[in-house]
**Student:** 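Provided herewith is a single structure, encoded as structure tokens, for subsequent inquiry.
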Number of protein chains: 2
Amino acid sequence: MRRIDAEIAAEGGKRSRSRAQIMEVFFRSGRHLTVDELTRKVRVRNRNIGSATVYRTLKLLSRLGYVKELDFGEGVKRYESSLTAHHDHLVCTECGKVSEFEEPRIESLQEEVAREHGFSPTMHRLAIYGVCGRCGPPATGKGEE
Amino acid sequence: MRRIDAEIAAEGGKRSRSRAQIMEVFFRSGRHLTVDELTRKVRVRNRNIGSATVYRTLKLLSRLGYVKELDFGEGVKRYESSLTAHHDHLVCTECGKVSEFEEPRIESLQEEVAREHGFSPTMHRLAIYGVCGRCGPPATGKGEE
DNA sequence: TTGAATATGAAATTCATTCTCATGATATAG
DNA sequence: CTATATCATGAGAATGAATTTCATATTCAA
């Protein structure tokens, strides 16, 4: 986090209490947060922080490469730290639970495919949607709920 | 398209001139259209059609499974016919060009991964972002730009 | 043709995100 | 420490995509 502050300073930015609190809560929190969720968590510490500042902070961190923007097609963006290893996501369409996975074979196939099409790949988004073990037991019957 | 009308009728829906025109233009058009783009095309034929009806039509077709909703993170949704074979997308971050590809090995790895995590996969979204051959120099070896 | 139901277009609404702007905080020079 | 220039903030306004409302028009069956 000091590193981030240094990078911001190098760009002519200044530190701020609000931003420090937002970053701290964000990096300590679970993954895949929406701005709204993060704002609520941050306000527990400091009631005065507005969501505009949370948006600004996440955008800044995203530009600096410390945060990844996720979009699972819910109409809201989610954010996660990019300090952890690269991974893709599994999204349960029943309960909304998001799991992570890493599959190097998929990664390299993507590289291969991109090259075949003359693309220089810079990133990708892969989300697999389905029903998680808890929501849809392989047993007979349709577990509604 | 008759089949679609029949299915709508079976649900208690009625036919309509506007919807027929929208469907016709949509299925004859190129892929990956936004509602705005489609509305413009449709209005060439019938100036009176409003975008609300285009939204409604695409939502209906989506529910019936004839249309797939795409989201490349642009802040706008795009739509494509789901009558063509399944495929994923390559998006050029320079010119916006979207290409399609199919890679069965990626598909089966996704199945495998989902199962390992106890998920019953129903669909996935995979988009690879990068620079297409026209926008970027032909990537020699690993030279990243 | 009538009548009950669905569909439409325009405008209003919703909701996430961004922007504006007056004020507050921060860093640096003196 | 204080001045001052600049950046950051928070509240609310603005934006823009998508949805809904509502009065009217269209469809379809009898």
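Basis for what follows: all heavy atoms, side chains included, without hydrogens, waters or symmetry-related copies. Per chain, numbering begins at 1; letters A, B, ... match sequence-line order.
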**Student:** dT6(C) P sits how many Å from E7(B) CD, rounded?
**Tutor:** 18 Å
**Student:** With no angle test and no hydrogens, is the base of dG10(D) tied to the side chain of R56(A) by a donor-acceptor pair under 3.5 Å?
**Tutor:** yes
**Student:** Can you figure out which of dA18(D), dT26(C), dG10(D) approaches the side chain of N48(A) most closely?
**Tutor:**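 Nearest to the side-chain atoms of N48(A), counting from C-beta on, is dG10(D).
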**Student:** With hydrogens left out and only the distance checked, is there a donor-acceptor pair under 3.5 Å joining K14(A)'s side chain and the base of dT26(C)?
**Tutor:**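 Between dT26(C) and K14(A), which were checked side chain against base, a qualifying N/O pair under 3.5 Å is present.
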**Student:** Hey, is the side chain of Y55(B) poking within less than 4.0 Å of OP1 or OP2 on dT19(D), counting only N and O atoms?
**Tutor:**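 No, outside the criterion.
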**Student:** Compare all side-chain heavy atoms of E69(B) with those of L58(B) and state whether any distance is below 4.5 angstrom.
**Tutor:**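 A side-chain contact under 4.5 Å is absent here.
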**Student:** For H87(A) and F101(A), I'd like to know if the aromatic rings sit close, meaning centre-to-centre distance below 6.0 Å.
**Tutor:** no
**Student:** Let me know, please, whether G12(A) or Y79(B) comes out on the 5' side of the other along DNA chain D by nearest nucleotide.
**Tutor:** G12(A)
**Student:** Ignoring hydrogens and angles, answer whether the base of dG9(C) and the side-chain atoms of R47(B) contain a donor-acceptor pair closer than 3.5 Å.
**Tutor:** no
**Student:** Between atom CD in E37(A) and atom P in dT17(C), what is the gap in whole Å?
**Tutor:**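 Interatomic distance, CD of E37(A) to P of dT17(C): 11 Å.
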**Student:** List the atom of F119(A), the atom of S99(B), and the distance in Å for their closest heavy-atom pair.
**Tutor:**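 Looking at all heavy atoms of both residues, the closest pair is CE1-OG, 3.7 Å.
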**Student:** Could you state the CD-C1' distance from Q21(B) to dG9(C), rounded to the nearest angstrom?
**Tutor:**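 Taking CD of Q21(B) and C1' of dG9(C), I get 14 Å after rounding.
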**Student:** Rounded off to whole Å, could you give me the CZ-to-P distance for the R17(B) and dG9(C) pair?
**Tutor:** 11 Å
**Student:** What integer distance in Å separates R40(B):CZ from dA17(D):P?
**Tutor:**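 So the two atoms are 10 Å apart, to the nearest Å.
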**Student:** Identify whether the distance between the nearest side-chain nitrogen and carboxylate oxygen of R63(B) and E11(B) falls below 4.0 Å.
**Tutor:**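 Result for this pair is yes, salt bridge flagged.
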**Student:** Give one of base, sugar-phosphate or nothing for R19(A), where a contact means two heavy atoms less than 4.0 Å apart.
**Tutor:** sugar-phosphate
**Student:** Assign each of R15(A) and K59(B) to its nearest nucleotide of DNA chain D by heavy atoms, then name whichever residue's nucleotide is nearer the 5' end.
**Tutor:**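 Upstream on the strand: R15(A).
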**Student:** Do H32(A) and E37(A) have a side chain donor and acceptor closer than 3.5 Å?
**Tutor:** no
**Student:** When the distance from CD1 of I49(B) to C1' of dA11(C) is rounded to whole Å, what number comes out?
**Tutor:** 18 Å
**Student:** Report the distance from atom CG of N46(A) to atom C1' of dG24(C), rounded to the nearest whole Å.
**Tutor:**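 The distance from CG of N46(A) to C1' of dG24(C) comes to 13 Å, rounded to the nearest Å.
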**Student:** Between L70(B) (CG) and dA18(D) (P), how many Å, whole number?
**Tutor:**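 Rounding to the nearest Å, CG of L70(B) and P of dA18(D) are 12 Å apart.
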**Student:** Using OP1 and OP2 only, check whether a side-chain N or O of S18(A) sits under 4.0 Å from dA8(D).
**Tutor:** no
**Student:** Quick one: is dT9(D) close enough that its OP1 or OP2 comes under 4.0 Å of any side-chain N or O from S16(A)?
**Tutor:**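 Yes, within the criterion.
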